[in-house]
Amino acid sequence: MTEETKSLRDIRLEKLKRLRELGIDPYPVATPRSHAVAAIVADGAAFEGVEVTVAGRLTAQRTHGKASFADLVDGSGKIQLYFKADLLGDRYKLFDLLDLGDFVSAAGKVFTTRTGEITVAVEDFTLLAKGLRTPPIVKTEKTAEGDVVHDEFADPEKRYRKRYLDIMVNEPARRRVLAHATLLSLARRYMEENGYVEIETPILQPLYGGANARPFTTYHADLEMDLYLRVADELYLKRLLVAGFEKVYEIGKDFRNESIDRIHYPEFTMLEAYEAFGDYRTMLALTQGLITAAAQEIAGSHKITFEGRELDLSTPWPELSMVETLNERSAKFGIDDVLACAEEDLRALFEGGPLVELKPKVEGRWSRPRAIDVLFDALVVPELWRPTVVVDFPAELSPLAKRQKDNPALAERFELFIAHMEFANAFSEQNDPFVQREAFEAQARAGAAGDEEAQQLDEDFLEALEYGMPPAGGLGIGMDRLAMLLADAPNIREVIAFPQLRTKQP
RNA sequence: GAGCCGCUAGCUCAGUCGGUCAGAGCACCGGCCUUUUAAGCCGGGAGUCCUGGGUUCGAAUCCCAGGCGGCUCACCA
């Protein structure tokens, strides 16, 4: 009767006890292995009859009385093991004390089964780590139409809460997390090959700036002061231009106190880069080079698939003027110049006009640039599938950017849109301390008026500018989003190893 | 923050109109099985039906409140 009420874990604990009684340490120190399993499987013919020692986790077992097959997975791949009483003698019965999920090492000669599977005929095996809990058992069936996954570990909550299980048993989860890591590694290599030096800047900042966002706040006990988690690296990296570095960048986390959705995540990884004597065009070339290199390495091609659609990332990317495109779209509303038209006419579009459904987006903080931003999001962004370089932003939306020489209402800036999402933001950096001060003051006024995302006036940064900052191009790229795109992930959390969830109270 | 949907065995799920509805497959345990691969065959065990209230003779099922998650929207680059 006690047999019947044992949990799976109890059964494994009993096996553990029996192993110890047999003098077997269920958690021994590591033993050497001779090969990663993928190396053997990739060249099975060459390994025929060769003695190997492999180590990994048991992920499947198919017992046949006095002979049994098992699958062993290591970081490189999967190989089949063949446990046979003829070869193992008395030790064959120890196979019964192994469970799915256990780590083992196995030594024996490689052979090929009747069905063509490269297999290790185990002559000796050692338990490396006993698993006390049963992992999800996911089985893959090979069919003519492709692999069919059975009993997939699919519940989103369980997957995110127990991400180590998700990555353990779901190959796509592993692939996506790896894509994120590969991207960061490649980006650093790419930047350094282009002469950039990575310098870390503070995450804990007395003032936050460089982007319009609500910050997280924290407190330093010894300094007895409030600090903000950075929303951008920008103002510190530009101080490094003042200091005399010509090409600086940083890949690190920014923190914005906003909600999570498909393409937003409150702690996200940003690449920021600044190049002295460059401008936003310099940064466009860098962006094109980096993203196509990343596509090549992660997706294997400049032509990728995203959300079931073909997406060609090949350069050069088409450019599109934000204000000109908007003027074309809004002509049917009687507005053919969003920058010069009467503000009342623009406002009327939202106030009971044809775009009344967008009214909540401008209500409470009306301004012409804000309206232009909202119009662009609603009328143009949904069309931007292929990489598109959007230029001609209103200067008021770009407080850290230089203005265009022949049209001061516009900023020297581009944003890169792919598949309806923003991936990069770059401008010719404002280095005029007077103009920069005015822009900060405008932001401070917006903040005082209740805009929680307004930037703060940073006197120290302005003082730095007064020592002279060379003209420069600056760039930010959202790396999680880029990983999501290149890994064809449906959600930004898929490329983040441990996404945040509410604590579950029992 | 709002709307919609979901939560049943370790995993994936079914559960009709409130009444043998506590179920299946995988996993597990016992038996058979020495080239299988979603191995197979026979037998068996396994539950806080998310939580708490309520309605009812009777609730996994209906109602209310709450929790957690997903999607959409809002917020947000």
Side-chain angles (χ1 to χ4, degrees), chain A residues 1-12 14-15 59-71 78 80-88 92 96 99-101 111-117 119 121 131-143 147-162 165-166 169-170 211-214 231-232 254 256-266 268 270 357-358 360-361 363 373 376-377 381 397 415-417 421-425 452-453 476-478 480-481 490-493 499 501-506:
Chain A
M1 192 55 69
T2 51
E3 287 266 326
E4 291 154 14
T5 56
K6 266 176 204 147
S7 70
L8 296 181
R9 186 164 180 271
D10 290 337
I11 291 165
R12 286 176 178 238
E14 245 174 42
K15 290 184 182 178
T59 60
Q61 52 186 358
R62 295 173 288 280
T63 60
H64 295 259
K66 295 189 173 57
S68 299
F69 293 93
D71 291 340
K78 179 168 83 178
Q80 181 168 258
L81 303 179
Y82 186 44
F83 294 82
K84 194 179 180 186
D86 294 352
L87 287 172
L88 289 162
Y92 182 74
D96 287 339
D99 286 299
L100 296 183
F111 76 107
T112 306
T113 65
R114 266 203 308 244
T115 53
E117 180 112 359
T119 302
L132 299 182
R133 295 176 187 267
T134 306
I137 308 298
V138 179
K139 297 193 174 187
T140 306
E141 179 185 13
K142 292 179 171 57
T143 71
D147 289 356
V148 177
V149 177
H150 297 272
D151 298 327
E152 183 178 9
F153 184 56
D155 182 287
E157 181 173 358
K158 286 172 183 154
R159 287 183 53 230
Y160 289 144
R161 277 193 202 284
K162 302 288 176 196
L165 292 179
D166 185 31
V169 304
N170 289 334
N212 295 73
R214 185 150 61 113
V231 299
D254 288 346
R256 301 186 184 176
N257 211 333
E258 61 199 24
S259 57
I260 298 168
D261 66 20
R262 197 174 67 91
I263 58 170
H264 294 92
Y265 193 73
F268 64 102
M270 177 88 103
E357 74 273 10
L358 299 176
K361 289 180 176 281
E363 218 164 31
D373 199 32
F376 187 76
D377 274 351
V381 171
L397 289 177
E415 280 191 356
L416 172 65
F417 284 86
M421 295 179 275
E422 184 202 330
F423 280 83
N425 183 18
E452 281 186 312
E453 287 132 28
I477 299 178
D480 315 287
R481 247 182 231 185
N491 190 303
I492 199 166
R493 283 167 300 170
L501 291 177
R502 278 196 175 87
T503 308
K504 204 162 191 173
Q505 306 287 6

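The model shown is predicted, which means the values in this text are computed figures rather than measured ones. Below, read A as the first sequence line, B as the second, and so on, with proteins coming before strands; counting in each chain starts at 1.
- In this structure, A:R159 places its CZ atom 18 Å from P of B:C7, rounding to the nearest Å.
- Contacts of A:R256 with the nucleic acid, taken as non-hydrogen atoms under 4.0 Å apart, involve only primed sugar atoms and P, OP1 or OP2.
- The residue A:R133 sits apart from the nucleic acid: no heavy atom pair falls under 4.0 Å.
- A:L501 comes within 4.0 angstrom of the backbone, heavy atoms only, and of no base.
- Remark on RNA chain B: of its neighbouring residues A:D155 and A:A213, the 5'-side contact belongs to A:D155, judged by nearest-heavy-atom nucleotide.
- In the set B:G69, B:U34, B:C11, B:C11 carries the atom at the smallest distance from any side-chain atom of A:F153.
- In this pair, A:Y82 and A:F111 present their aromatic rings tilted. The plane angle is within the 30 to 60° band.
- Both distances falling under 3.5 Å, in either a Watson-Crick or a G-U wobble arrangement, place B:C62 opposite B:G54.
- Taking atom P in both B:C42 and B:A60, one finds a spacing of 33 Å when rounded to whole Å.
- In this structure a side-chain-to-backbone donor-acceptor pair under 3.5 Å is missing from A:R214 to A:E258.
- As rounded to whole Å, 10 Å separates atom P of B:G30 from atom CD of A:E14.
- In the set B:C28, B:C76, B:G6, B:G6 carries the atom at the smallest distance from any side-chain atom of A:E157.
- Residue A:I260 contributes atom CD1, which lies 13 Å from atom P of B:C68 at whole-angstrom precision.
- Between A:R493 and B:C71 there is a side-chain polar atom (N or O) within less than 4.0 angstrom of OP1 or OP2.
- Nucleotide B:C33 holds its P atom 11 Å from the OH atom of A:Y92, rounded to whole Å.
- Distance noted for atom C1' between B:G15 and B:G47: 14 Å (whole Å).
- Summarising the base pairing, B:C33 is matched to no nucleotide, lacking a Watson-Crick or G-U wobble pair whose two defining distances lie under 3.5 Å.
- Here A:E152 lies in heavy-atom contact (under 4.0 Å) with sugar-phosphate atoms only.
- B:C32 sits 14 Å from B:A39 when the C1' atoms are compared, rounded to a whole Å.
- In this structure, CD1 of A:I137 is placed 17 Å from C1' of B:C13, rounded to the nearest angstrom.
- Counting non-hydrogen atoms under 4.0 angstrom, A:F423 reaches nothing in the nucleic acid.
- For B:G25 and B:A14, the P atoms lie 16 Å apart once the distance is rounded to whole Å.
- At whole-Å resolution of the value, CG in A:D254 and P in B:C76 are 17 Å apart.
- In this structure, the NZ atom of A:K15 is 7 Å from the P atom of B:G30, given to the nearest Å.
- Nucleotides B:G3 and B:A74 have their P atoms positioned 16 Å apart, rounded to a whole Å.
- The closest donor-acceptor contact from the side chain of A:D99 to the backbone of A:G131 lies at 3.5 Å or more, if one exists at all.
- Put simply, A:N491 has a side-chain N or O that comes within less than 4.0 Å of OP1 or OP2 on B:C71.
- The base of B:C76 is not paired with the side chain of A:S259 by any donor and acceptor separated by under 3.5 Å.
- Rounded to whole Å, the distance from NZ on A:K361 to C1' on B:C76 is 9 Å.
- Between B:C29 and B:U61, the distance separating the two P atoms is 34 Å to the nearest Å.
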Given protein heavy atoms under 4.0 Å, the one-letter contact record of nucleotides 36-43 of chain B, with B base, S sugar-phosphate only and - none, is simply BBBB----
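- A donor-acceptor distance shorter than 3.5 angstrom exists from the side chain of A:T119 to the backbone of A:E117, with no hydrogens or angles considered.
- The CG atom of A:D166 sits 6.5 Å away from the CZ atom of A:F153 when rounded to the nearest 0.5 Å.
- A salt bridge between A:D71 and A:R62 is present, with a side-chain N of the basic residue lying under 4.0 Å from a carboxylate O of the acidic one.
- You'll find a donor-acceptor pair under 3.5 Å spanning the side chain of A:D261 and the base of B:C75, going by distance alone.
- The pairing partner recorded for B:C68 is B:G6, the criterion being a Watson-Crick or G-U wobble arrangement whose two distances lie under 3.5 angstrom.
- The nucleotide B:U20 finds no pairing partner, because no Watson-Crick or G-U wobble arrangement with both distances shorter than 3.5 Å includes it.
- Distance check on atom C1': B:A38 versus B:G69 gives 29 Å, rounded to whole Å.
- Across all strands shown, nothing is found opposite B:A39 as a Watson-Crick or G-U wobble partner with both distances under 3.5 Å.
- Both distances falling under 3.5 Å, in either a Watson-Crick or a G-U wobble arrangement, place B:C73 opposite B:G1.
- A gap of 28 Å separates the C1' atoms of B:U16 and B:A65, to the nearest Å.
- Side-chain proximity of A:E453 to B:G69, B:C76, B:C28: nearest is B:C76.
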